[in-house]
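Only one structure is covered here, and it is reproduced in the block below.
In what follows, every chain begins at residue 1, and chains take the letters A, B, ... in the order their sequences are listed.
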Amino acid sequence: MALKIYNSLTRQKEVFEPLNAPYVGMYVCGPTVSGESHLGHARPFITFDVLYRYLLHLGYKVRYVRNITDAGHFEEEGKAAEDKITSKAILEKLEPMELVQKYTHLYHWAMDQFNNLPPSIEPTATGHIIEQIEMIKKIMTDGFAYEANGSVYFDVIKYNEVYSKKNQPYGILSGRNLEDQLDTTRELDNQDEKKNKVDFALWKKAPVEHIMRWQSPWGEGFPGWHIECSAMATKYLGKKFDIHGGGMDLQFPHHECEIAQSTVCNHEMPARYWVHNNMITINGRKMGKSYNNVVKLSELFDGSHPILTQAYSPMTVRFFILQSQYRGTLDFSNEALQASEKALRRLMDAYEWLKAQSFTSEKKSTDTSLDQQLKTWVNELPEFMEDDLNTAKVVANLFEMVPVINSLKDKHISADAVSGATWQLVKAQLTLFIEQVLGIKVESGANKKQLNGVIHLLIDIRKEAKAKKDFATSDKIRNQLLEMGIQIKDEKDGEVSFTFS
RNA sequence: GGUCGGGUGGCCGAGUGGCUAGGCAGAGCUCUGCAAAAGCUUCCACAGCGGUUCGAAUCCGCUCUCGACCUCCA
C-alpha cells in the first residue's frame with residue numbers, strides 16, 4: 001500500500017510520489033510571532049509533524065521548512081487596537097524585535113512541549129528581505145507587477161489572462177473565479193493605487209510611523225503579506241517541491257497568491273501536493289483571533305482559562321488532536337479534553353506495562369483467533385496512516401488492543417493465549433506508532449528517585465497496616481496520596497503500583 | 001450576496017450501500033476489607049421529507065440548520 005494524501009489542488013486523495021525520491025521537500029506556513037500561540041495554531045503543527053514523522057518512517061529524506069513570520073505591520077496582541085500610536089510611543093513601549101523574540105521563544109517552547117520534531121530549516125521573513133526584493137523585481141520585469149506611489153502590486157487580472165490559457169487561472173487552488181472576486185472584494189485603504197481591487201501588495205511603502213522598514217528600489221517599506229513564503233520556499237526547496245501545507249484558512253488568499261507569485265517567477269506551480277488542515281472550533285465556531293474565542297496554549301497547560309476546570313498536559317492536547325482526522329473540524333471543550341486525558345492515561349498505562357514485558361517467540365498460541373485478531377489490528381495501523389493520515393482510526397485500533405493487554409496483565413487470559421511472536425510484534429508496532437509516528441511520549445509525573453523512594457515507603461507502611469486490618473491508616477495513606485495526585489492501585493498479584501495524574 | 005464544507009447516540013469523533021469504529025460519560029456484574037484500577041456485559045445514533053435499491057446513516061433531490069472562505073487569521 002502506498003501513502004495517499006488529499007490534495008486540495010485536485011480535490012482528491014492522491015498517491016504520494018516525490019519528485020526526487022528519496023528526497024521530499026515540505027513547506028508549512030508557520031506562525032506570525034506577534035502574539036502567543038493558541039490551540040488553533042497547534043493543529044497544523046501537530047498534523048504536519050505527524051506527516052513529517054510518517055514520511056521519515058517510510059524512509060524518505062525530508063527537508064521540512066517551516067517559516068516564522070516576523071515582518072509586516074503588527075503590534076503586540078491586545079494592544080494593537082488601543083490607538084494609532086506615534087512612533088515615539090511605540091519606541092517607548094516595545095521594540096518590534098523584542099516582541100518577535102519573546103513570542104518566538106514561547107512558540108518554540110510550546111512546540112517542544114508537544115514533542116514536535118524541529119523542522120529542518122526555520123527561516124524568518126526578516127532574514128530574507130533581499131530574496132523577497134529580488135523576487136518582486138523579477139515579477140516586475142516579467143510585467144506582472146507595477147509600482148504605485150512607493151508600493152508594488154501584483155497584477156492579478158493580467159496573470160489570470162495569461163495563465164488561464166495555461167490552465168492555471170488565478171483561483172485554481174481555492175476554486176474561485178475572478179469575476180466573482182471583482183464583485184465582492186471589499187474597499188481597502190489605498191485602493192486607488194491599485195489598477196484593480198483584486199491586486200495584492202508585494203511591497204508596501206512604510207508610513208512615517210512604521211518602525212519595521214527596509215530599503216528597496218521603491219523606497220523604504222516592508223514586504224507584502226504573501227511574498228515571504230514564496231521567496232523562502234523557493235530558496236530552500238527549489239522551484240518545485242513536493243508538499244505545501246497550512247491551515248485551510250490560508251488557502252485563500254495566501255496560498256493562491258503564493259502560487260501566482262511563484263509561477264510567474266519560476267514558471268511552474270510551486271508545490272505538487274497542497275495539504276490543508278481544518279479548523280479547531282469552540283461551540284461550533286472557528287477558534288480565531290477575530291472571534292475573540294482563543295484558548296492560549298499556556299492557559300491550556302496551566303488551566304487558567306475560564307472555560308477549563310483543570311490544566312491539561314501537552315500530550316493530552318496532542319492526543320485530543322490526533323483522535324480526529326485532520327481534514328475535519330474538531331470541536332473543543334473542557335469535556336472533550338477531559339475525555340482525551342482519561343483515554344490517553346488508559347492507553348499509556350497498558351502500553352507502558354507491555355513495554356516492560358519480554359516475550360519469547362517459541363511460545364505457541366492457544367487462542368488462535370485472538371492471536372490473529374491482534375495481528376490484524378496491528379497490520380491495519382499503517383493502512384490507516386496511509387489513507388490520508390487517518391490517525392482517528394489508528395487510535396481506535398490501539399484501544400482495541402488495550403483490553404487484551406490488560407487481560408494479560410490481570411491474568412484474565414492465559415499467558416500463552418497469544419503467541420510470543422505476536423506479542424513481540426504488538427509491542428514493537430505499538431512503540432513505533434505511539435512514540436515514533438504519533439509522537440506521543442511518556443509523561444511521567446515524577447522521575448525523582450527520592451520521591452519514588454518515599455512513595456514505596458508509604459506503600460510498605462500501608463501494607464503493614466492492612467495486614468493488621470488497620471484500615472484507617474491504610475485509607476489515610478491512599479486518600480492523601482490521591483489528593484496529591486498520586487494514585488495507588490492494588491494489583492491482582494498483591495503488588496501495589498502507583499501513577500501520577 | 002458569491003464560493004465551499006458540514007449536520008452521527010449525553011459529549012468528542014471514525015466510517016462503509018447490507019455484517020451497524022474508538023474514546024469519555026451512564027447502568028449492571030466480577031474482583032476488592034472498602035475503594036480505585038482492570039475485565040466482562042449493557043443502554044443511547046446516523047437533521048427532516050421524498051426517491052433509487054432486495055437493502056441506505058452511506059447514492060440522488062428538496063427542506064431546515066450550522067459553519068468556513070471572500071479582510072489579518074493555523
Side-chain angles (χ1 to χ4, degrees), chain A residues 11 28-32 34-35 37-48 69 72-74 80 171 174-177 179-188 198 225 245-254 256 276-281 283-291 294 319-320 323-325 327-347 349-350 353 384 387 390-400 402-407 409-413 466 469-471 474-475 478-479 482 487-492 497-499:
Chain A
R11 286 151 206 274
V28 173
C29 290
T32 300
S34 62
S37 300
H38 60 75
L39 179 61
H41 297 112
R43 172 108 100 148
F45 303 138
I46 289 172
T47 298
F48 290 103
T69 299
H73 64 294
F74 55 76
S174 54
R176 288 153 208 266
N177 71 68
E179 283 72 44
D180 294 339
Q181 295 294 303
L182 289 167
D183 292 340
T184 56
T185 306
R186 68 155 192 179
E187 296 299 313
L188 284 164
V198 289
W225 303 319
M248 257 182 194
D249 49 355
L250 294 182
Q251 209 172 29
F252 189 91
H254 185 57
E256 203 70 73
H276 294 99
N277 63 277
N278 212 322
M279 302 292 106
I280 287 182
T281 58
N283 295 321
R285 171 142 238 180
K286 173 184 168 185
M287 185 181 285
K289 264 201 302 205
S290 24
Y291 295 114
V294 302
F319 183 72
F320 167 68
Q323 269 181 299
S324 68
Q325 205 267 354
R327 277 197 301 121
T329 54
L330 170 60
D331 203 55
F332 168 84
S333 65
N334 184 63
E335 206 183 351
L337 266 195
Q338 241 163 14
S340 290
E341 185 186 70
K342 289 191 180 180
L344 179 62
R345 189 172 306 159
R346 192 159 83 94
L347 174 66
D349 281 353
W353 179 83
F384 294 154
D387 183 18
N390 199 330
T391 52
K393 287 186 103 174
V394 169
V395 169
N397 265 31
L398 296 177
F399 274 102
E400 296 281 11
V402 166
V404 185
I405 295 169
N406 285 334
S407 292
K409 178 185 174 191
D410 292 344
K411 302 184 168 53
H412 293 311
I413 60 172
K466 275 175 71 178
K469 302 229 186 274
D470 177 6
F471 296 124
S474 75
D475 286 354
R478 187 176 65 196
N479 294 339
L482 186 61
Q487 187 171 71
I488 296 228
K489 295 178 199 167
D490 292 326
E491 302 289 350
K492 290 277 179 252
S497 67
F498 59 90
T499 53

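In terms of phosphate contacts, A:Asn406 brings a side-chain nitrogen or oxygen within less than 4.0 Å of OP1 or OP2 of B:G39. Under 4.0 angstrom from either OP1 or OP2 of B:A74 there lies at least one side-chain N or O belonging to A:His41. Checking the phosphate oxygens (OP1, OP2) of B:G5, no side-chain nitrogen or oxygen of A:Asn278 falls inside 4.0 Å.
For A:Arg327, the salt bridge (Lys or Arg N to Asp or Glu O under 4.0 Å) partners at least two apart in sequence or on another chain are A:Asp388. Residues forming a side chain to side chain donor-acceptor pair (under 3.5 Å) with A:Asp249 (at least two apart in sequence, or on another chain): A:Lys286. A search for salt bridge (Lys or Arg N to Asp or Glu O under 4.0 Å) contacts involving A:Asp470 returns nothing, not counting sequence neighbours. With sequence neighbours left out, A:Phe332 forms a ring-ring contact (aromatic ring centres under 6.0 Å, His included) with no residue at all. Under the salt bridge (Lys or Arg N to Asp or Glu O under 4.0 Å) criterion, A:Arg43 pairs with no residue, sequence neighbours left out. With sequence neighbours left out, the side-chain contact (heavy atoms from CB on, under 4.5 Å) criterion links A:Ala339 to no other residue. Under the side chain to side chain donor-acceptor pair (under 3.5 Å) criterion, A:Lys489 pairs with A:Asp349, not counting sequence neighbours.
Using atom C1' as the reference point in both B:C72 and B:G10, the two lie 38 Å apart (nearest Å). The separation of B:A56 from B:C49, taken at their P atoms, amounts to 14 Å, rounded to a whole angstrom. A distance of about 24 Å separates the C1' atoms of B:A45 and B:C40, rounded to the whole Å. For the P atom pair drawn from B:A68 and B:C46, the interatomic distance equals 27 Å after rounding to whole Å. Across B:C34 and B:C29, the matching P atoms stand 14 Å from one another, rounded to whole Å. B:C11 sits 15 Å from B:G48 when the P atoms are compared, rounded to a whole Å. If you take atom C1' in B:U52 and the same atom in B:C43, they sit 34 Å apart, rounded to whole Å. Annotation: B:A57 and B:C19 have their P atoms spaced 10 Å apart (nearest Å).
Whole-Å rounding puts the A:Asp410 CG to B:G39 P distance at 7 Å. Taking atom NE2 of A:His254 as the reference point, atom P of B:A74 lies 10 Å away to the nearest angstrom. Atom-to-atom, CZ of A:Arg11 to P of B:U3 comes out at 13 Å; the value is rounded to the nearest Å. At whole-Å resolution of the value, CZ in A:Phe332 and P in B:C11 are 17 Å apart. Atom-to-atom, CZ of A:Arg478 to P of B:U32 comes out at 15 Å; the value is rounded to the nearest Å. At whole-Å resolution of the value, CZ in A:Phe471 and P in B:C34 are 8 Å apart. Atom CG of A:Leu398 and atom P of B:G13 are 19 Å apart (whole Å). A:Leu250 places its CG atom 20 Å from the P atom of B:C4, with the value rounded to the nearest Å.
Across all strands shown, A:Asn390 has heavy atoms under 4.0 Å from sugar-phosphate atoms exclusively, and none from any base. Contacts of A:Ile280 with the nucleic acid, taken as non-hydrogen atoms under 4.0 Å apart, include base atoms.
Residue A:Phe320 holds its CZ atom at 10.5 Å from CD1 of A:Ile46, rounded to the nearest 0.5 Å. Taken to the nearest 0.5 Å, the CZ atom of A:Arg478 stands 7.0 Å off from the CG atom of A:Asp490.
Residue A:Ala392 comes nearest to A:Gln325 through the heavy atom pair CB-N, 4.1 Å, listed as atom of the first residue, atom of the second, then distance.
Ranking B:A14, B:A37, B:C72 by closeness to the A:Gln325 side chain, first place goes to B:A14. Side chain of A:Lys489, nearest nucleotide from B:A37, B:A74, B:C11: B:A37. For A:Ser324, the listed nucleotide lying nearest its side chain is B:A14; candidates were B:A14, B:G33, B:C72. In the set B:C73, B:G13, B:G39, the nucleotide with an atom closest to the side chain of A:Ser290 is B:C73.
Within the shown strands, B:C66 is the pairing partner of B:G5 under the Watson-Crick or G-U definition, both distances less than 3.5 Å. The partner of B:U30 is B:A38, by the rule that a Watson-Crick or G-U pair needs both atom distances under 3.5 Å. When both distances must be under 3.5 Å, the Watson-Crick or G-U wobble mate of B:C44 does not exist. Pairing for B:G55 is absent, with no Watson-Crick or G-U wobble pair whose two atom distances lie under 3.5 Å.
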Do any N or O atoms of the protein come closer than 3.5 Å to N or O atoms of nucleotides 64-69 of chain B, and which pairs are they?
| residue | atom | partner | partner atom | Å |
| --- | --- | --- | --- | --- |
| B:A68 | OP1 | A:Arg285 | NE | 3.4 |
| B:A68 | OP1 | A:Tyr291 | OH | 3.0 |
| B:C69 | OP1 | A:Lys286 | NZ | 2.3 |
| B:C69 | OP2 | A:Tyr291 | OH | 3.0 |
| B:C69 | O2' | A:Arg176 | NH2 | 2.6 |

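Put simply, the side chain of A:Leu330 does not reach to within 4.5 Å of the side chain of A:Asn278, judged on heavy atoms.
Residue order along RNA chain B, read from the 5' end via each residue's closest nucleotide, puts A:Gly175 first among A:Gly175 and A:Ser333.
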Reading nucleotides 19-24 of chain B from the 5' end, what letters show protein touch, with B for base, S for backbone sugar-phosphate only, - for no heavy atom under 4.0 Å?
-> --BSSS
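Put simply, the side chain of A:Glu256 gets close to the backbone of A:Gly171: a donor and an acceptor are under 3.5 Å apart.
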